[in-house]
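Below you'll find the structure, written out as structure tokens, and then a few comments.
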Amino acid sequence: METTANRNTAILMQLSAYTQYFIPFGNFIFPTLIWSLKKQDSKFVDYNGKQIINFQLSLFLYSLLLIIIAIPLLLYTTLSDLSFNAVNEFHFVHEQFSAEKITGIATIAILAVLILIAMKVLEFFLIMYASVRNSNGENYNYPLTIKFIK
């Protein structure tokens with residue numbers, strides 16, 4: 001049975017990931033700070049601290065990979081079959097960005113944006129769910145998390 005102080009520390013650690021909406025990289029800084037200060041006090045806090053940090057690092061890696069894949073595809077789709085013969089004329093824009101080229105660009109962009117939005121929505125609710133589980137004194141394992149810290 002976990003003490004109230006340990007449960008509150010675990011909840012604060014989970015909820016501190018929401019600081020990413022106010023402070024850049026707050027989702028890494030604050031959980032890591034709380035975890036490093038309190039991990040010796042309790043195995044419960046240590047375990048859940050590792051979980052939130054691993055989850056945030058995994059999401060960062062997934063987002064980075066998605067961006068690394070999406071940007072070159074967008075550039076390739078945009079710049080392939082591009083001729084620079086009439087760069088100074090208005091017809092250049094009209095001819096080079098026709099409907100079939102914009103459809104490919106839009107499909108890739110919409111897919112990338114939807115995946116990123118889905119990841120952020122899922123992250124929001126999973127952090128909330130983990131906080132509730134921690135408030136009940138239960139450990140929580142985030143799904144699709146790479147174990148960077150064991």
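The ring-ring contact (aromatic ring centres under 6.0 Å, His included) test applied to Tyr62 returns no partner, not counting sequence neighbours. Annotation: ring-ring contact (aromatic ring centres under 6.0 Å, His included) contacts of Tyr47 (sequence neighbours excluded): none. Under the ring-ring contact (aromatic ring centres under 6.0 Å, His included) criterion, Tyr129 pairs with Tyr140, sequence neighbours left out.
Other residues sharing the hydrophobic cluster of Leu37, ordered by chain and number and joined by side-chain separations under 4.5 Å: Leu33.
Summarising the geometry of Val45 relative to Ala10, their closest heavy-atom pair is CG2-N, 4.5 Å, with the distance given to 0.1 Å. Ala17 and Ile52 make their closest contact through CB-CD1, 4.1 Å (heavy atoms, listed as atom of the first residue, atom of the second, distance). Taking both residues in full, the closest heavy atoms of Thr19 and Ser16 are given as OG1-O, 2.7 Å, listed atom of the first, atom of the second, then distance. The minimum heavy-atom distance linking Gln56 with Asn27 is given by the pair OE1-ND2, 2.6 Å. For the residue pair Met13 and Trp35, the shortest heavy atom distance occurs at SD-CB, 3.6 Å. Counting all heavy atoms, side chain and backbone alike, Gln14 lies closest to Asn48 at NE2-O, 3.7 Å.
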Ile53 and Phe148: side chain to side chain contact (heavy atoms under 4.5 Å, CB included), yes or no, with the steps? CA-CA 8 Å; Ile53 293 167; Phe148 294 104; over 6 Å; no
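Rounding to the nearest 0.5 Å places CG of Leu66 at 5.5 Å from CD1 of Ile115. A distance of 6.5 Å separates CG of Asn8 from OG1 of Thr4, quoted to the nearest 0.5 Å. Residue Ile146 holds its CD1 atom at 9.0 Å from CG of Leu57, rounded to the nearest 0.5 Å. Rounded to the nearest 0.5 Å, atoms CG (Leu116) and CG (Leu59) are 10.5 Å apart. If you take CE on Met128 and CD1 on Ile11, they are separated by 11.0 Å, rounding to the nearest 0.5 Å. Here the CZ-CZ distance, from Phe30 to Phe22, works out to 11.0 Å after rounding to the nearest 0.5 Å.
Taking the side chain as every heavy atom from C-beta outward, Tyr142 and Ile127 approach each other to under 4.5 Å.
For the residue pair Asn134 / Ser131, no side-chain donor-acceptor distance below 3.5 Å is found, with atom types taken as modelled.
No chain of hydrophobic side-chain contacts below 4.5 Å, direct or via other Ile, Leu, Val, Met, Phe, Trp or Tyr residues, connects Phe44 to Ile149. Note on Phe124 and Val132: separate hydrophobic clusters, where clusters join Ile, Leu, Val, Met, Phe, Trp and Tyr whose side-chain heavy atoms are under 4.5 Å apart, directly or indirectly.
Checked for salt-bridge contact, Arg133 and Glu138 meet the test: a charged N lies under 4.0 Å from a carboxylate O.
Shown here is Phe125, whose CZ atom has no more than 12 heavy atoms of other residues, nucleotides or ligands within 6.0 Å.
Ring geometry for Phe60 against Phe25 counts as perpendicular: the plane angle is over 60°, on a 0 to 90° scale with 30° as the lower cut.
Under the salt bridge (charged side-chain N to carboxylate O under 4.0 Å, His left out) criterion, the residue pairs touching residues 42-64 are Asp46-Lys50, with sequence neighbours excluded. Residue pairs meeting the salt bridge (charged side-chain N to carboxylate O under 4.0 Å, His left out) criterion with at least one member in residues 113-124, sequence neighbours excluded: Lys120-Glu123.
Counting only distance, with no hydrogens or angles, the side chain of Thr145 and the backbone of Pro143 share a donor-acceptor pair below 3.5 Å.
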